[in-house]
Amino acid sequence: MLAYLIRRLFAAAVMLVVIIMVVFGIFFLVPKWAGVDIATSFVGKQADPAAVEGVRQKLGLDTPIYAQVWEFFKGIFAGRTYSGGGDTIHCAAPCFGYSFRSEQAVWPVLTDRFPVTLGLALGAAFLWLVFGVAAGVLSALKRGTLWDRGAMVVALAGVSLPIYFTGMLSLAIFAFGLHWIDAQYVPLEDSFTGWLGAMILPWITLAFLYAAMYARITRATMLEILGEDYIRTARAKGLKEQTVIGKHAMRSTMTPILTMLGMDLGALIGGAILTESTFNLPGLGRAVLDAIRNQDLPIIVGVTLITSLAVLFANLVVDILYAVIDPRVRLT
């Protein structure tokens, strides 16, 4: 088990370096090759050429590529210093730069919004995992029944309907029509009940989409596993049905579920753009959407890195859980 963990941690560290280099290339090298001047984006197209040159020096855009890559890496892990134009600014690690519009450090801006996105992702993940997997297992066990057909129809609707449609529909019914909840977001530290009331609809709306996919995948996987020889052998031994399903069939069914959960949860932690926009939640998704509209490159870079790291961390956790569920994985 220890050797397996070391291998996975080493692979994650290598992937982290690759992710940082790819993000740097996409946001700094590709625009340069396309003729886009990042310094001009910072100060505006109508700025004085001297001001543009000062920003270029301050951001280190006038240095060789290898020096820019080194400063980018160093900023993330150890912080960096911006000097030029007569002033010097130190940015503590992890440093993703300063916003082009507000001139605030990117990391504090993102950490202020991160709890909103984390609460949304974890709450929705709990709902879709519980109800999606339960619906899929019951559909597999009651194959061809009214429950099976009804659950799959609902799952098909959940997969097919856009999240902004279900979100706006739920707001129109429960917030503006019945007035059961308040659509205005309330921070958790201000009021737990207010925060809970504001998060219920986003949780349910987001979970409806993912629970539908999980139900379909669980049903298909469970039906395949129930036809395996070791399941028939377990039943032939006289084991109780709940033991056959809970101990043997579910253990194999959870492998693809964990794979999906790692990817989905990691991506959502990086920002659920449509959900946060629909329900006006001040999370990372809203931050990156506003940054795209304002062409605020450092914010976009920061959210991209956080998303990538969240997916990487989630997959690392999934790999460890694989080894717990199936000991054969430790040999790979």
Side-chain angles (χ1 to χ4, degrees), residues 6-45 47-111 114 266-267 269-271 284 287-288 291-292 294-316 319:
I6 293 175
R7 291 197 303 270
R8 288 298 181 263
L9 288 173
F10 177 76
V14 173
M15 184 58 64
L16 175 60
V17 174
V18 172
I19 287 173
I20 295 175
M21 293 184 65
V22 169
V23 170
F24 178 85
I26 292 174
F27 287 101
F28 293 96
L29 295 184
V30 173
K32 183 178 181 180
W33 294 336
V36 177
D37 189 357
I38 297 177
T40 303
S41 302
F42 183 91
V43 297
K45 295 182 180 180
D48 184 85
V52 175
E53 184 61 28
V55 169
R56 185 177 290 109
Q57 295 177 4
K58 185 176 181 179
L59 298 178
L61 300 175
D62 59 337
T63 59
I65 295 298
Y66 66 85
Q68 296 182 39
V69 173
W70 167 249
E71 288 296 327
F72 190 71
F73 268 89
K74 189 178 76 171
I76 294 175
F77 296 104
R80 63 181 298 184
T81 300
Y82 295 91
S83 60
D87 58 346
T88 300
I89 301 176
H90 179 71
C91 180
C95 179
F96 297 147
Y98 288 82
S99 169
F100 285 176
R101 298 296 171 254
S102 65
E103 298 187 3
Q104 293 179 312
V106 171
W107 180 248
V109 173
L110 299 184
T111 52
F114 182 75
I269 290 176
L284 292 177
V288 74
I292 292 172
N294 297 325
Q295 298 182 356
D296 200 347
L297 180 62
I299 297 290
I300 302 174
V301 171
V303 175
T304 303
L305 282 173
I306 288 179
T307 304
S308 303
L309 295 177
V311 173
L312 179 63
F313 176 76
N315 280 306
L316 178 61
D319 286 341

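Just the heavy atoms: all of them, side chains too, but no hydrogens, waters or symmetry mates, feed the values below.
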Open item on the list: For the CG atom of L309 and the CG atom of L316, what is their distance to the nearest 0.5 Å?
Closed with: 12.0 Å
Open item on the list: Less than 4.5 Å apart, side chain to side chain, heavy atoms only: is that true for V106 and Y98?
Closed with: no
Task: Closest non-hydrogen atom pair between A12 and L312, with its separation - done: O-CD2, 3.5 Å
- [ ] Output yes when a side-chain donor or acceptor of Q104 lies under 3.5 Å from a complementary backbone atom of S99, and no otherwise.
- [x] no
Task: Flag side-chain contact, heavy atom, 4.5 Å: L305 against I76 - done: yes
- [ ] For the pair F96 and W107, name the ring-plane relationship: parallel under 30°, tilted 30 to 60°, perpendicular over 60°.
- [x] perpendicular
- [ ] Look at atom CZ of F73 and say whether more than 12 heavy atoms of other residues, nucleotides or ligands are closer to it than 6.0 Å.
- [x] yes
Task: Considering all heavy atoms, the nearest V109-A105 contact - done: CG2-O, 3.4 Å
Open item on the list: Which heavy atom of H90 sits nearest to which heavy atom of T81, and what is that distance?
Closed with: ND1-OG1, 3.3 Å
TODO: Quick one: pull up CG in L16 and CG in L9 and give me the separation to the nearest 0.5 Å.
DONE: 12.0 Å
Task: Separation between CG of N294 and CD1 of I300, rounded to the nearest 0.5 Å - done: 9.0 Å
Task: Distance in Å, I306 CD1 paired with L284 CG, rounded so as to fall on 0.5 Å steps - done: 5.5 Å
Task: From F72 atom CZ to C95 atom SG, the distance as rounded to the nearest 0.5 Å - done: 9.5 Å
Open item on the list: So, taking the atom named CD1 in I299 and the one named CG in L110, what distance separates them when rounded to the nearest 0.5 Å?
Closed with: 5.5 Å
